[in-house]
Asker: 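Quick one: structure below, then a few questions.
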Protein chains: 2
Amino acid sequence: MNIGDASTHSGLPAKTIRYYEDIGLITPDRTDNGYRDFSETHLHKLAFLSRARGLGFTIEDCRTLLSLYEDTDRASADVKTMARGHLDKISQKITELKAMQDTLSELVNKCHGDDRPDCPILQGLAGDNANKEQAV
Amino acid sequence: MNIGDASTHSGLPAKTIRYYEDIGLITPDRTDNGYRDFSETHLHKLAFLSRARGLGFTIEDCRTLLSLYEDTDRASADVKTMARGHLDKISQKITELKAMQDTLSELVNKCHGDDRPDCPILQGLAGDNANKEQAV
DNA sequence: ATAGGGCTTCCAGTCACTGGAAGGTCAAGA
DNA sequence: TCTTGACCTTCCAGTGACTGGAAGCCCTAT
């Protein structure tokens, strides 16, 4: 199967699949004309990578996960540990983003947003904490 | 004031401040020996940048915000629009992360995580949806 | 024969830094 | 005065995970 079809099947852009080959995540066969040739197994791997990346695992995580997947003797505890570590990172990221969201929405709410130049958002960014609502 | 002190004051690494100069976000003076020399105004700008970056604005957003900050005639609506756009992006990112979190924690919960090779996490990544809890 | 679409490689750019090398400058202490 | 060590300078390269684009080959249909 050509890279175009592999792309359609896996949902990964052809460029990305070539990149995955570059960094050794996958090694498709080649036909006589030099085109990449993807087997069912390759498609499986691509789908696996697509899902793992979709869950936010890094490329290196994916490399590990793939090798764990192919090692039928691995302990499921190893996988679980990785996944838990990744879950922690996700939670942390969410916490950070929520903090940004809180701070920024507070500033946005304070801003009247008309054609006057006075702007609590910029004042907030500038570290001007004297901008209190009750002073209206 | 030297870059080291400016770094301490603003909380930005010296390397980052140099980078900001490279891309034209700030232009500190220079003393005779070639060292950068930061004034109060520069420190203010660095603090502004530090806060804006901390809220997740891109460098280009920061450039715009800085110029809006310095343009005392700008309409606060312009700033509010930018901030709202950024808030949307943050919300979207949070939504994505939560989806990852949901999917991955479900898989993690299914995984017994011992020394047996059977692993629902890898099966989930491989697209094996036949792994249902009630089959235990 | 030619047009088009798909395939190949290779190089460069993205974003926002970060690390490191090689070397200049300055203040304090022996 | 010399040296030590902490600064500072510039420049180059690397990060992660692609993405865009150029130049050119291959295959099929008309």
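We name chains A, B, ... by the order of the sequence lines, and we start the count at 1 in each one. Only a predicted model underlies this, so the values are computations on that prediction, with no experimental measurement involved.
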Asker: Measure from the side-chain heavy atoms of B:Tyr19 and tell me the nearest of D:dC18, D:dC8, C:dC17.
Answerer: C:dC17
Asker: Starting from C1' on C:dA16, measure out to CG on B:Leu46 and report it in whole angstrom.
Answerer: 16 Å
Asker: Report which part of the nucleic acid B:Arg36 touches: base, sugar-phosphate, or nothing (heavy-atom distance under 4.0 Å, all strands).
Answerer: sugar-phosphate
Asker: Taking it one step at a time, do A:Arg116 and A:Asp118 satisfy salt bridge (charged side-chain N to carboxylate O under 4.0 Å, His left out)?
Answerer: CA-CA 6 Å; A:Arg116 283 174 298 170; A:Asp118 171 51; 6.0 Å; no
Asker: Taking for each residue the nucleotide of DNA chain D with the nearest heavy atom, is it A:Tyr20 or A:Asn33 whose nucleotide lies nearer the 5' end?
Answerer: A:Tyr20
Asker: For the pair made of NZ in A:Lys15 and P in C:dT8, what is the distance, rounded to whole Å?
Answerer: 11 Å
Asker: Starting at atom CG of B:Leu25, determine the distance to atom P of C:dC15, rounded to an integer number of angstrom.
Answerer: 13 Å
Asker: Give one of base, sugar-phosphate or nothing for A:Arg53, where a contact means two heavy atoms less than 4.0 Å apart.
Answerer: sugar-phosphate
Asker: With nearest nucleotide decided by heavy atoms, which residue, B:Thr58 or B:Asp32, maps closer to the 5′ end of DNA chain C?
Answerer: B:Thr58
Asker: Between B:Glu21 and B:Lys15 (salt bridge meaning N to carboxylate O under 4.0 Å), is one present in this structure?
Answerer: no
Asker: Would one find a side-chain N or O of A:Thr16 under 4.0 angstrom from OP1 or OP2 of D:dA17?
Answerer: no
Asker: Identify the residue among A:Leu66, A:Leu25, A:Thr27 that makes a side-chain contact (heavy atoms from CB on, under 4.5 Å) with A:Lys45.
Answerer: A:Leu66
Asker: What's the CZ-C1' distance between A:Arg30 and C:dT9, to the nearest Å?
Answerer: 10 Å
Asker: With a 3.5 Å cut-off and heavy atoms only, can you find an N or O donor on one side and an acceptor on the other between the side chain of B:Tyr35 and the base of C:dG24?
Answerer: yes
Asker: Quick one: do A:Tyr35 and A:Leu46 end up in the same hydrophobic cluster if we chain Ile, Leu, Val, Met, Phe, Trp and Tyr together by side-chain heavy atoms under 4.5 Å apart?
Answerer: no
Asker: Identify whether any heavy atom of B:Ile23 sits under 4.0 Å from a base atom; if not, whether one sits that close to sugar-phosphate; answer base, sugar-phosphate or nothing.
Answerer: nothing
Asker: How many whole angstroms separate atom CG of B:Asp37 from atom C1' of C:dT25?
Answerer: 15 Å
Asker: Mind calculating the distance between CG (A:Leu49) and C1' (D:dC18) to the nearest angstrom?
Answerer: 14 Å
Asker: Nearest whole Å is fine: how far is D:dG16 P from A:Arg63 CZ?
Answerer: 11 Å
Asker: Mind running salt bridge (charged side-chain N to carboxylate O under 4.0 Å, His left out) on B:Arg63 and B:Glu60 for me, showing each step along the way?
Answerer: CA-CA 5 Å; B:Arg63 199 188 296 279; B:Glu60 286 317 303; 3.0 Å; yes
Asker: In whole Å, what is the span from the CD1 atom of A:Ile17 to the C1' atom of D:dC18?
Answerer: 13 Å
Asker: Which comes earlier along DNA chain C counting from the 5' end, the contact point of A:Gly34 or that of B:Ile59, where each point is its nearest nucleotide?
Answerer: A:Gly34
